[in-house]
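Remarks on the structure that follows.
Bear in mind that the values here come from a model prediction, so they are computed numbers and not experimental data.
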Amino acid sequence: MQYQLCSSIFFSIFQQYFVFDFHVPPDVMSDKILKISVIHSKNLLRSGTLVGTFKLDVGTVYSLPEHQFHHKWAMLSDPDDITAGCKGYVKCDIAVVGKGDNIKTPHKANETDEDDIEGNLLLPEGIPSERQWARFYVKIYRAEGLPKMNTSIMANVKKAFIGENRDLVDPYVLVQFAGQKGKTSVQKSSYEPIWNEQVIFTEMFPPLCRRLKVQIRDSDKVNDVAIGTHFIDLRKIANDGDKGFLPTMGPAWVNMYGSTRNYTLMDEHQDLNEGLGEGVSFRARLLISIAVEILDTSSTEIMSSTEVQIEPVSNMSEMEEFFLFGSFLEATMIDRKIGDKPISFEATIGNYGNQIDGVSKPASAKKKKEEAEDDGDLTSVPSTPPMKPVITDRNYFHLPYFEKKPCIYIKSWWQDQRRRLYNSNIMDKIADKLEEGLNDVQEIIKTEKAYPERRLRGVLEDRFVTLANKDQNLSGRTKLDKERLKSCMRELESMAQQAKTIRSQVKRNTVRDKLKLVFNFLHRLRFLADEPQHSIPDVFIWMISNNKRIAYARIPSKDILYSIVDEEMGKDCGKVKAVFLRLPGKKGFGPAGWTVQAKLEMYLWLGLNKQRKDFLSGLPSGFEENKATKETGIQAVPPISLVYNMKQVFQLRAHMYQARSLFAADSSGLSDPFARVFFSTHSQVTEVLSETLCPTWDQLLVFDNVELYGEAGELRDDPPIIVIELYDQDTVGKAEFIGRTFAKPLTKMVDEHYGPPRFPPQLEYYQIFRGNCAAGDLLAAFELLQVQAVHTLPPIDGPTDSDRGPILPVPLGIRPVLSRYRIEVLFWGLRDLKRINLAQVDRPRVDIECAGKGVQSALIQNYKKNPNFSTLVKWFEVDLPENELLHPPLNIRVVDCRAFGRYTLVGSHAVTSLRKFIYSPPDKTKEKEKKKKKKKKGEEVDEEEPDESMLDWWSKYFASIETMMEVGGTLSSFYPLCFIYSVYNKELESEFGSFEDWLHTFNLYRGKAGDDIDHNVVDDDRIVGRFKGSLCMYKLPLSEEITREAGFDPNMGMFQSIPHNDPINVLIRIYIIRATDLHPADINGKADPYIVIRLGKSEIRDKENYISKQLNPVFGKSFDIEATFPMESMLTVAVYDWDLVGTDDLIGETKIDLENRYYSKHRATCGFASNYSVHGYNVWRDPQKPTQILAKLCKEGKLDGPHYGPGGKVKVKQTEEHLALTVLRHWEEIPRVGCKLIPEHVETRPLLNPDKPGIEQGRIEMWVDMFPMDVPAPGPAIDISPRKPKRYELRVIIWNTDEVILEDDDYFTGEKSSDIFVRGWLKGQQEDKQDTDVHYHSLTGEGNFNWRFVFPFDYLMAEEKIVISKKESMFSWDETEYKIPARLTLQVWDADHFSADDFLGAIELDLNKFPRGAKTAKQCSLNMVLKEHELPTISIFRQKRVKGWWPFVARDENDEFELTPFHYQKQLLPKCYFTFA
């Protein structure tokens, strides 16, 4: 998975944007810690000292709804000085983008808004803004069951020479949390180490890092190796509700899983021990506890350390003896690659049953055993006897376990913490039931059956059971057990209440919304059910062949745990369950992991040894136990195998109708699919259908004499599952796996009648999976019929097809009912066809096929000259199922006709659903009257004309963004009555359905589909071109009303009034406004972007106008290109990074299909302005006036009109143009022909880079106008060039100061005095600071100066920013432009001759809004600074001249404010006037 972490941080002035790229698994990514530190800049005298830091993990950001924080304040703190409190705030954006994610960037308004920091802290929802320091104690007591290994080569050599055979593992524990690490001491040569140490972390609480990582490592001189890793999710061991509790855990054991315990030199599955991927074997267990203490930062002694000795844990609960029993009823689908050596299965629980270093009883259990000698020394039997496999078919073996089923049993000793697992099981069962119900509701909505709301109400009726609080064994209960129980019970009660409320609100129109809410319940339940404190480790089943471990299955112990209470029992305890074995570690990913290594039908039971009498109760009845010869003790010895003497004979009928949207497995982009059906030890295949992704086999497979063991009734209710695998047949080599699905047959016993409601079975869709990705659907039905004598079976009706030989078709009662449909195809043209086998496509043709019938397009004679078809519409008739959901897909295939009658497939596309192409006749009522009324809406446009001299295009742009953001007050005063744009925060295509209102684009695919884990990302490399056209299907016969309509052209069918597709010349005008958040391309974290535009063969490279060192460049440019549709219709706008040396790099590009826009009914050629003006910044851009456009639309829509009446109170200036424009802006309200017409707009398009697929590299704001060349030429392009800053000069006259703090003591008289001077500068120009002269020896704090500062600067009026251009360093090639707020800083100092000057106070004034000065020094108070936002403010740019007293402020030792008034006058003049009053 590729990720990109973008964060932009607003420093005091500069906006910086950092991007970090990763290519790692999602889990690793979410544990990465992002740390933002603020550091004092270095200079010669001081090194960079830390001000404060802020930390959070990437997972916190990624779990937010939009994967981002936008404009939030991160609170800085200093981990070394936790008494200091908050060290300041940093305002930043942080976003994490995974492949295929879209980041919704809110529009950047002007950054003048003064933020409410407290209300905008960078914290996820639900975390209080006041976070405190806390200490996290992780106590590590001891570990058990470590593998006796030493992986270093030296150890093995040593062992060989010295014969030293100790436990060669030196374990220590490493704990990582929030970017900090702590570790225990190393216990030399011990595989049951005892530490009793604690690791302490000091971190803000609640922490913004979710997982704590605990790892046991083996210390080694060369490199330390991980033995096992466990992650503790802090959300699971705490609760932040009102009655919540701080994180707490244990003392409890955590189980660690990882690679197999083979003692090889190199461990190929080492990653599993690091916590990546699912562990395939038990590694060790560790006894730990976690506690959190909130610190009182006012107290002085705060210690932070790691190794501290602690008391060993005392009150662990008693060890109990557990008994695990398993029986293998069937082992089929064993991969033939394994070879035909004998195969056995091994079960392990913890280290019990492990043949390499299994454990004996723990000491505590031995003592108990002496007291009660009950069942003799029962040795465990952890594995089945080896047995030679038998061939099923070309791919798979099975083991001949016919009537004799081998068994395993293991005794093990664990603390009795079953209550935890029971509570998990109760919640899991509620969740399973809920999930089943919700899937039903989804299926009902998907298949459009009636009353989904009733089913949803039914799902919500099921009661939420409360958890049991009765646990006799209180000694082992931890604080977390008690708190978790309370919080889970509260959650379940609140869910039950909410379910009740939701149930009453479920209506037909709210079903989907309520369904989402109920899915949240499901996630919450699953989250609650996951028990953080482990008890009994999981059970592993391994298949062993030739002494090698081949494949495994991992079964959570809670799923097979026995209880006398039904709700608490594990869902698979005492039940026969299908278990699929898979390859361990990395081998299990990708193609190797898709094939099943083996399918087992298994029975498992785990419980206390004293409850053992029930362990066989769930097996299918009719067996005899076969025991080992030696029987001792009171309790019966478990059997080593079961012999079945009852068996039933069945016939299985698999009705394989069709599959759709299969995976493309051949280089042609198609497959030759066939299906293989497995049931028990039998398998059969359908026929191979060549070159299709949507095969309709229409075939019945009959399995005779299927023998199943057990009682008839049980088999009827719970028959074994059927596995269906789909393969692609290749001419040479082995068939390639496409996907797999599972089904349960409908079972009929001898004594039942074959008829409704259960029989014959209905065809159903089964989703096909390839690994974790969906790979299509299978439409089929399965029935299992019990046989006593042949005549008892229902007959297989329907002929055996003479063309197809002995193949049976699906019988009539099951196959769908067909009707006659006509499908019309609009052939428009082909675009962007790539070369096939190095030869260019020259004479392509399109073949359309659906359910065996089809039609071919006309041949394109010369693809290069004109890629459009000469005949537009063709049709064909076909029999399709009445039920729309069963409609087969329609296949579009493009072939290139070569010389000598040869054909080459170019590419294909399968239209999986024809629903959107089904024709529905329009509703023809209330048209004309409404149309006439519309014309009189003239009174709407009634606005004062704004003062045009002030406004330009940018005023309009900023006003539009302002309106879009609905931010009141900041800018609207500036653009009083600007006509505004529509600013779309996304591409125009997503707003208007890709402009496929009548012309659709179908991507043509070729080549094998990629095995991307993420299937929602399209395989762009497989697209070899695009077919443009459309489809329309309707049931025959069609009503005559339509065909008799005036002007109906029978050749065009349903595609009336479609423009001709001859080549056409168009002028394309592209306006590029700006780009935002570009991906840095240079080492300095910046880029030098410029625009490149490509259309057909023309290219415009605007290289000389690159913008230096900018990630948010404002381009403000327009480009004109002439193009001929259809040959040149794909416009590419790219942003490149200019480099002084070497080639320029692509940052990102966006592609626009201009042809679809041009022909769309939404009229995307040139957007309508909101007002009709003939001149000025808002001039009408379209060569056609609104009246002409309206007349044309009325004519095309066969409407009577337009008629302009005198109307109501029409103003004099309301011309017909204004009226027509008003109607056009409401065109979607016109019945039958109306649709939204595109307004004047700016669209924001994501920039993508082929090297980083699916990850946005920035965004570009732009729009495109198109004008046909055969009409009058449009006017000149609008000037959107960026505004140039204006030169200003700020003159500040310092008159007096008063009440200045007196710093110096007179040497002789001891009088206090100060030598006062004032220093001033404009923000961003500190190096140009200016000082007044010094007023020496002021005794009263009064100073008289009459001194003038003059600050020249460049200012952008519209953005209220000062613009500074300067080189970043002496090595910079050119200047970088910065925009910063206009702020004046003034300071008052006490001058000293021999020591540094003393700072006495300062004030910073925002020149756009600062409080008025006081009239006298007396009236000048601190409130002018402290309550600045409550006082009326003024702007020097409006006032031009201001005079008054303002306070200087400094903080004293207690952090309180002190005050010094001063008197000055500011005056702002543009540079040209030098008059001075």
Legend entry - Trp1227 versus Cys1235, closest heavy-atom pair with distance: CD1-O, 3.2 Å
Inset, instruction - Mind checking the CH2-CD spacing from Trp875 to Glu824? Nearest 0.5 Å is all I need. - result: 8.5 Å
Inset, instruction - Before giving the answer on side-chain contact (heavy atoms from CB on, under 4.5 Å), spell out for Ile1260 and Ile1073 the whole-Å C-alpha distance, their side-chain angles and the decisive distance to 0.1 Å. - result: CA-CA 8 Å; Ile1260 190 161; Ile1073 300 163; over 6 Å; no
Legend entry - Short N-O contact, Arg831 and Asp1153, less than 4.0 angstrom: no
Legend entry - Pairing of Asp847 and Arg845 as salt bridge, 4.0 angstrom limit: yes
Inset, instruction - Return yes if some donor-acceptor pair links the side-chain N/O of Lys1161 with the main-chain N/O of Lys1236 below 3.5 Å, else return no. - result: no
Inset, instruction - Using a 4.5 Å cut-off on heavy atoms from C-beta on, say whether the side chain of Leu872 contacts that of Phe827. - result: no
Inset, instruction - Give a yes-or-no answer on whether the side chains of Tyr1090 and Asp1144 include a donor-acceptor pair shorter than 3.5 Å. - result: yes
Inset, instruction - Measure the shortest side-chain to side-chain distance between Glu1243 and Val983 over non-hydrogen atoms and say whether it is less than 4.5 angstrom. - result: no
Inset, instruction - Report the C-alpha distance between Leu1031 and Leu914 in whole Å, list the side-chain angles of each, state the deciding distance to 0.1 Å, and finish with yes or no for side-chain contact (heavy atoms from CB on, under 4.5 Å). - result: CA-CA 8 Å; Leu1031 303 163; Leu914 290 170; 4.3 Å; yes
Inset, instruction - Determine the minimum heavy-atom distance between Ile1147 and Ala1087, stating which atoms define it. - result: CD1-CB, 4.0 Å
Inset, instruction - Check step by step if side chain to side chain donor-acceptor pair (under 3.5 Å) holds for Thr1187 and Glu1217. - result: CA-CA 6 Å; Thr1187 45; Glu1217 300 297 350; 3.1 Å; yes
Legend entry - Spacing of Ile1070 atom CD1 and Ile1091 atom CD1 [to the nearest 0.5 Å]: 10.5 Å
Legend entry - For Asp1265 against Gly1167, the heavy-atom pair lying closest together: OD1-N, 4.4 Å
Inset, instruction - Give a yes or no on whether Lys1192 atom NZ has more than 12 heavy-atom contacts from other residues, nucleotides or ligands under 6.0 Å away. - result: no
Inset, instruction - Measure across Tyr1005 and Val1024 and return the closest heavy-atom pair with its distance rounded to 0.1 Å. - result: C-CG2, 4.2 Å
Inset, instruction - Please name the residue in the list Glu1149, Glu989, Glu1261 that meets the salt bridge (charged side-chain N to carboxylate O under 4.0 Å, His left out) test with Arg1245. - result: Glu989
Legend entry - Rounded distance [0.5 Å steps], CG in Asn1171 versus CZ in Arg1225: 8.5 Å
Inset, instruction - Write down the atom of Val825, the atom of Phe1055, and the distance for their closest heavy-atom approach. - result: C-CE1, 4.2 Å
Inset, instruction - Would you check if Leu1199 and Leu1193 make a side-chain contact, meaning some heavy-atom pair closer than 4.5 Å? - result: no
Inset, instruction - Given side-chain contact (heavy atoms from CB on, under 4.5 Å), test Leu1154 with Ile1068 step by step and report yes or no. - result: CA-CA 9 Å; Leu1154 297 176; Ile1068 315 288; 3.8 Å; yes
Legend entry - Side-chain touch Leu1146/Pro1250, heavy atoms, less than 4.5 angstrom: yes
Let me have the donor-acceptor pairs involving side chains of residues 1126-1136, under 3.5 Å, with sequence neighbours excluded, atom names and distances please.
unit_1, atom_1, unit_2, atom_2, d
Glu1128, OE1, Thr1124, N, 2.9

Legend entry - Donor-acceptor pair, side chain of Gln1110 and main chain of Ile1107, under 3.5 angstrom: no
Inset, instruction - Evaluate side-chain contact (heavy atoms from CB on, under 4.5 Å) for Gln1257 paired with Asp1077, printing each intermediate quantity in order. - result: CA-CA 8 Å; Gln1257 304 295 307; Asp1077 295 343; over 6 Å; no
Inset, instruction - Please step through side chain to side chain donor-acceptor pair (under 3.5 Å) for the pair Lys1028 and Asn1156, ending with a clear verdict. - result: CA-CA 9 Å; Lys1028 287 202 173 177; Asn1156 271 27; 3.0 Å; yes
Legend entry - Glu1216 backbone acceptor or donor facing His1218 side chain under 3.5 Å: no
Legend entry - Backbone N/O of Ala910 and side chain of Asn891: donor-acceptor pair under 3.5 Å: no
Legend entry - Under-4.0 Å salt bridge between Arg898 and Asp896: yes
Inset, instruction - Taking the side chain as every heavy atom from C-beta outward, state whether Trp1138 and Lys1103 have any atom pair closer than 4.5 Å. - result: yes
Inset, instruction - Assess the side chains of Arg1074 and Thr1244: does a donor N or O sit below 3.5 Å from an acceptor N or O? - result: no
Inset, instruction - Supply the atom-to-atom distance Asp1145 CG to His1079 NE2, rounded to the nearest 0.5 angstrom. - result: 11.5 Å
Inset, instruction - Without swapping roles, check the side chain of Ser857 against the backbone of Val846 for a donor-acceptor pair under 3.5 Å. - result: yes
Legend entry - Non-hydrogen side-chain atoms of Pro1246 and Glu987 separated by less than 4.5 Å: yes
Inset, instruction - Determine, for Asp1182 against Arg1163, whether the closest basic-nitrogen to carboxylate-oxygen distance falls under 4.0 angstrom. - result: yes
Legend entry - Test item: Ser960 side-chain N/O and Lys956 main-chain N/O as donor-acceptor pair under 3.5 Å: yes
Inset, instruction - To the nearest 0.5 Å, tell me how far Ile1152 CD1 sits from Met1262 CE. - result: 3.5 Å
Inset, instruction - Could you tell me whether a side-chain N or O of Asn1061 sits under 3.5 Å from a main-chain N or O of Phe869, the two making a donor and an acceptor? - result: yes
Inset, instruction - Please report the shortest heavy-atom distance between Cys897 and Leu859, naming the atom on each side. - result: SG-CD1, 3.4 Å
Legend entry - Beyond-backbone contact of Met1266 with Leu1067, side-chain heavy atoms, under 4.5 angstrom: no
Inset, instruction - Using atom types as modelled and distance alone, determine if a side-chain donor or acceptor of Asn866 lies under 3.5 Å from a backbone N or O of Asn868. - result: yes
Legend entry - Asp1102 side, atom CG; Ile1072 side, atom CD1 - distance, nearest 0.5 Å: 9.5 Å
Legend entry - Sub-6.0 Å ring centroid separation between Phe917 and His1000: yes
Inset, instruction - With sequence neighbours excluded, give me every salt bridge (Lys or Arg N to Asp or Glu O under 4.0 Å) pair touching residues 1056-1071. - result: Arg1069-Asp1120
Legend entry - Residue pair Arg1181 / Glu1240, side-chain heavy-atom distance below 4.5 Å: yes
Legend entry - Carboxylate-amine/guanidinium proximity below 4.0 Å for Lys1117 and Asp1279: no
Inset, instruction - Go through Ser1160 and Asp997 one step at a time and tell me if the side chain to side chain donor-acceptor pair (under 3.5 Å) criterion holds. - result: CA-CA 7 Å; Ser1160 165; Asp997 36 295; 3.0 Å; yes
Inset, instruction - Would you check if the distance from the ring center of Trp1180 to the ring center of Tyr1172 is below 6.0 Å? - result: yes
Inset, instruction - Applying side chain to side chain donor-acceptor pair (under 3.5 Å), run through Gln840 and Tyr863 and close with a yes or a no. - result: CA-CA 9 Å; Gln840 284 191 339; Tyr863 173 71; over 6 Å; no
Legend entry - Summary of ring pair (Phe, Tyr, Trp, His ring centres under 6.0 Å) pairs that have at least one residue in residues 1150-1170, sequence neighbours excluded: Trp828-Tyr1159, Phe992-His1162, Phe1125-Tyr1158
